[in-house]
Protein chains: 2
Amino acid sequence: MTLTELQYIVAAAQERHFGRAAERVFVTQPALSLAIKKLEEELGLTIFDRRQNRIELTAIGKQIVHQAQRVLEEAEQIKILATQGKDHLNGPLRLGVIATVGPYILPDLVPQLSARAPKMPLELEENLTLNLTGMLKNGKLDVIMIALPFDEPAIVTQALYDEPFKVLVPTGHPWQKKKLIDSRQLGSEKVLLPHAGHCFRQQVLDACPELSRSDAEGWQGNSLETIRQMVASGLGITVMPSSALTPKYDSARLVAISLAKPVPGRRIGLAWRRGFTRPRVIDTIRDAVHALKIPGLTMVTH
Amino acid sequence: MTLTELQYIVAAAQERHFGRAAERVFVTQPALSLAIKKLEEELGLTIFDRRQNRIELTAIGKQIVHQAQRVLEEAEQIKILATQGKDHLNGPLRLGVIATVGPYILPDLVPQLSARAPKMPLELEENLTLNLTGMLKNGKLDVIMIALPFDEPAIVTQALYDEPFKVLVPTGHPWQKKKLIDSRQLGSEKVLLPHAGHCFRQQVLDACPELSRSDAEGWQGNSLETIRQMVASGLGITVMPSSALTPKYDSARLVAISLAKPVPGRRIGLAWRRGFTRPRVIDTIRDAVHALKIPGLTMVTH
DNA sequence: TGCCACCATAAGTATATCTTATTGACAGAC
DNA sequence: GTCTGTCAATAAGATATACTTATGGTGGCA
């Protein structure tokens, strides 16, 4: 039994005429005749009572044609589902964001995404790169927003933006009036950084090797916000990405100072499984990010 | 989209493994892979997220597989319908019987048939051969019980029984004591016969050519029962088939006398359209008729 | 009786669909 | 790091299926 055969018997039942039915389903009359005969043989019964001039349905034939219509309707539903579901921006998106990006991007990004993809509810996960990677690989997340480079098998990435790092000092700190600081100067200060699980920590250490020596004993905060509060309390200074240093973050008690060239920074991008088949989702996230008005970020265009 | 493809995705969704799914549907893994890919391409989306070690359903894939199961269930219903409906003794039978047979056979035949085919309700039509033939041809009846021979295109027949004709006279008639009457003697009597629409009339005239002369002016009754009453009232004599002359029919006022050889009679049989596909129904009617205990009938066996 | 309409059948061809064999990607072990 | 096993994708060829055109058979109708 095939869907084609079912189509044929439905057409024949409606037309009461093999020739016209065949025309209706765009085959020749023998093709339709044969197919119906094949189905009748498979079912072991007669669906059509072949008469001169016209054909009639047998009692059981009526029931079978009726059921065949149901089957075809249900099959049609699959196509409808497919058409609707092909809208990549329809259906939930499970998005992971690293902890040093989430708080500063998501408040602006979420409204942007909702506007662009109203039928795509977001399930957000804020975590460390390592955990996000795991969740991405085992399918718990669809897309993650992490620092590049990010080389993993079967994972595709796309850059979003670059952001420079800056030094954050409390008001009253000797460097308060400085316009530029050389990263080598940081070695002499007590620099607070997030603990080792955060990739941001490693990025800063890579960019400012001087810190690796002095930092060994320094306290390691859990989040940039904790560290920000600690800096404000005069417990030390820190390095932060630009997105965490917009004016709305406590500009009264803290001063952000740029770093001298080569300016250390990081590149943030998206990553997804190679099998992820909603490319428009990627495009939409990228567009939404590019539409953000966060000072200091340099968008990466392709 | 084919039912096979739907089976494949359902199997794959359940096994979460193409190899095992393929085994389950009795094909090789590449066949299943290809078929699923073909369906995915037709629908323009991804149903399975191919991963190392296992496969996962995409969001839309889940919906599609679910719908596919519905389709397959509905399709399965067709097979169930077919199995049930293949019981030829299931479902109504529209049976036509000629007027000179019905009253004498049906009272015994109906219970016999009901016992043999309890799920086959009878829709009975008692009429003249001509009308029954029309109804059979245009599908209003399934089987008719008529006098043979009966040659019509696309109509198949089967003999059931032979029954001799007998002469019926009122008590007090000069022939009352006769054991045997020669049909040639009938020409001298007033013989009442049903009117020209009844095939029985022609059968009698064929068997007793002498009547053709005398009968021209005679009254023609509508039914054998009317004629029987008329004979009982002394208005004439008649010829009847044996089945109409069992003792329960007014044996007090009437006497039935056999005819001499060659005994005129008729053969009763079944007729159905060549396209009628319930052979067991025919067999069952024949068996039921053969089980009747009506004196004078000679069953025809094949 | 001959024509017409209709479905069945026959024969040939194209197209799907399946098979076996092989490749490629990844994961885990050593 | 290389080796090995697992799993799905791909390739190539065989087979089955579904279709085509052409023809045959039956019954209705004038």
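Within every chain, numbering begins at 1; the chains are lettered A, B, ... in the order of the sequence lines, protein sequences first and strands thereafter.
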Spacing of A/Leu136 atom CG relative to C/dC26 atom C1', expressed in whole Å:
15 Å

Does C/dT17 have OP1 or OP2 sitting under 4.0 Å from an N or O in the side chain of B/Tyr8?
no

Spacing of B/Lys137 atom NZ relative to D/dC29 atom P, expressed in whole Å
10 Å

State plainly whether the residues B/Asp162 and B/Arg266 are in salt-bridge range, i.e. N to O under 4.0 Å.
no

Using a 4.0 Å heavy-atom cut-off across all strands, classify B/Arg274 as base, sugar-phosphate, or nothing.
sugar-phosphate

Is it true that A/Glu73 and A/Lys79 make a salt bridge, defined as a side-chain N closer than 4.0 Å to a carboxylate O?
no

At less than 4.0 Å, is any side-chain N or O atom of A/His17 found next to OP1 or OP2 of C/dA5? Yes or no.
no

Please give, in whole Å, the distance from D/dC19 C1' to A/Gln7 CD?
15 Å

Less than 4.0 Å between a side-chain N and a carboxylate O, is that true for B/Arg94 and B/Glu123?
no

When you match B/Glu5 and A/Arg16 each to their closest nucleotide on DNA chain C, which lands nearer the 5' end?
A/Arg16

Atom-pair distance (CD1 on A/Ile155; P on C/dC26), nearest Å
10 Å

How many whole angstroms separate atom CG of B/Asp49 from atom P of D/dA9?
11 Å

When B/Ala154 and A/Thr4 are each assigned the nearest nucleotide of DNA chain D, the 5'-most assignment goes to A/Thr4

Integer-rounded Å distance: D/dT6 C1' and B/Arg20 CZ
11 Å

Below 4.0 angstrom, which residues in residues 27-42 of chain A have at least one non-hydrogen atom near DNA chain D?
A/Val27, A/Thr28, A/Pro30, A/Ala31, A/Lys38

Check the phosphate of C/dC6 against A/Arg50, side-chain N and O only, distance under 4.0 Å to OP1 or OP2. Yes or no?
no

Tell me, please, which residues at least two apart from A/Thr83 pass side-chain contact (heavy atoms from CB on, under 4.5 Å).
none

Whether B/Glu125 and B/Lys140 form a salt bridge (side-chain N of Lys/Arg under 4.0 Å from carboxylate O of Asp/Glu) is what I want to check.
no

Atom pair distance, as rounded to whole Å: CD1 in B/Ile55 and P in D/dT6:
18 Å

Short N-O contact, A/Asp283 and A/Arg280, less than 4.0 angstrom:
no

Quiz question: by atom type and distance under 3.5 Å, do the side chains of A/Arg24 and A/Gln14 form a donor-acceptor pair?
yes

Nearest-nucleotide pick for A/Phe18, side chain only, options being C/dC7, C/dC18, C/dT17
C/dC7

